[in-house]
Amino acid sequence: MADLNTMYRVIILYMLSKVEFPLTNTQITNFILEKDYTNYFTVQQTIADLLSSELITAESTHSNTRYRITEEGRETLRIFHDKISDEIKEDISIYFTEHHYELKQETAIYADYDKAVGGGYQVHCHIRNLEIPVLDLSLRVQTKEQARAICANWEKENGEVYAMLMDTLLQ
């Protein structure tokens, strides 16, 4: 069992090392479940173990968590890279080739909210290109429902909002 747990850790570290942007919990989990490497609970436990070992870092929003590999994680991957087969590495490579745009878009555009000082909620909407901020927009709203609606609509309408802002500000 220890070898399988090591393999799951190395799979996740390998995935995170192969992209220049963070991956969400959903993206990592979907790949591993799609390939039937293990079950959902094992993936979540493995991610928790990697976090507690500081081999990955997490950035959480209300809708998902985004993970990055740390320098310690890269060093661990260098030591244990042989714990996953070339076939698994190829599966990861193919998955990233086929889904690169979608994976990047999912982590490049996101929104979150938190309680604001003095009442209400502060909503933070982001568009990033390889972690370089393209647009960071913060809005203050009165209710949690408004904050949630903005976050949900940001995913669908971010391109239109960005274009409108650019058109208006560059006149």
Side-chain angles (χ1 to χ4, degrees), residues 1-115 121-134 136 138 144 147-148 150-152 154-155 158:
M1 189 64 146
D3 262 351
L4 279 178
N5 289 332
T6 300
M7 182 184 76
Y8 302 143
R9 288 183 187 106
V10 174
I11 287 172
I12 293 170
L13 291 173
Y14 186 81
M15 289 178 72
L16 291 171
S17 77
K18 291 300 176 186
V19 290
E20 65 277 2
F21 49 87
L23 293 175
T24 66
N25 186 300
T26 303
Q27 291 168 332
I28 293 167
T29 302
N30 285 349
F31 169 76
I32 292 173
L33 294 179
E34 234 177 66
K35 296 297 180 182
D36 276 334
Y37 293 141
T38 190
N39 62 51
Y40 174 83
F41 300 105
T42 301
V43 175
Q44 299 312 306
Q45 183 60 53
T46 303
I47 289 172
D49 292 346
L50 290 168
L51 282 168
S52 68
S53 302
E54 298 183 354
L55 300 178
I56 63 174
T57 60
E59 177 185 317
S60 294
T61 67
H62 285 88
S63 61
N64 213 331
T65 303
R66 300 158 24 121
Y67 299 102
R68 296 178 186 283
I69 188 169
T70 64
E71 200 48 51
E72 293 83 6
R74 289 185 192 284
E75 183 58 33
T76 300
L77 182 58
R78 281 190 280 280
I79 294 167
F80 292 102
H81 70 90
D82 62 339
K83 295 294 181 186
I84 59 173
S85 68
D86 289 339
E87 291 79 15
I88 292 174
K89 291 176 184 176
E90 182 65 19
D91 284 347
I92 293 169
S93 178
I94 290 169
Y95 183 78
F96 285 154
T97 299
E98 291 175 352
H99 301 287
H100 188 266
Y101 180 77
E102 295 89 11
L103 294 171
K104 187 175 172 183
Q105 282 298 103
E106 286 175 20
T107 57
I109 298 164
Y110 62 99
D112 195 16
Y113 65 90
D114 47 32
K115 281 191 169 258
Y121 292 84
Q122 195 73 28
V123 182
H124 310 280
C125 302
H126 306 278
I127 299 176
R128 303 213 182 277
N129 183 10
L130 301 179
E131 292 312 299
I132 297 169
V134 174
D136 285 333
S138 291
K144 186 183 271 191
R148 285 181 177 160
I150 290 171
C151 288
W154 181 247
E155 275 188 45
N158 64 77

Do side-chain atoms of [X] reach the backbone of [Y] as a donor and acceptor pair under 3.5 angstrom?
X	Y	result
Ser53	Leu50	no
Ser17	Tyr14	yes
Thr65	Glu59	no
Trp154	Ile109	no

Looking at every non-hydrogen atom in both residues, tell me the closest pair between Arg78 and Glu71 and how far apart they are.
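Residues Arg78 and Glu71, closest heavy atoms: NH2-OE2, 3.5 Å.
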To check you understand the geometry: which heavy-atom pair defines the closest contact between Arg68 and Leu16, and what is its length?
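Here Arg68 and Leu16 meet closest at C-CD1, 4.1 Å.
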Just checking, any donor-acceptor pair under 3.5 angstrom between side chains of [X] and [Y]?
X	Y	result
Thr29	Gln44	yes
Thr26	Asn30	no
Asp91	Tyr37	yes

Out of curiosity, Ile32 CD1 to Thr46 OG1, how far, rounded to the nearest 0.5 Å?
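That separation rounds to 7.0 Å.
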Can you confirm whether Glu75 is buried at CD, in the sense that more than 12 heavy atoms of other residues, nucleotides or ligands lie under 6.0 Å from that atom?
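It does: Glu75 CD has more than 12 such atoms within range.
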Report yes if some heavy atom in the side chain of [X] is under 4.5 Å from a heavy atom in the side chain of [Y]; otherwise report no.
X	Y	value
Tyr95	Glu34	yes
Arg128	Tyr110	yes
Met15	Gln27	no
His99	Phe31	no

Working for side chain to side chain contact (heavy atoms under 4.5 Å, CB included), residues Ile150 and Cys125:
CA-CA 9 Å; Ile150 290 171; Cys125 302; 3.9 Å; yes
Residues Glu90 and Lys18 bridged, charged N to O under 4.0 Å:
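So Glu90 does not pair with Lys18 through a salt bridge.
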Candidate list His124, Arg148, Gln122, test side-chain hydrogen bond (donor to acceptor under 3.5 Å, both in side chains), partner Tyr113, passing option:
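Of all the options given, the one that passes is Arg148.
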Step by step, work out the side chain to side chain contact (heavy atoms under 4.5 Å, CB included) result for Arg74 and Leu13.
CA-CA 7 Å; Arg74 289 185 192 284; Leu13 291 173; over 6 Å; no
Arg9 to Phe80 six-membered ring, cation-pi geometry met (6.0 Å, 45°)
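No, Arg9 and Phe80 do not form such a contact.
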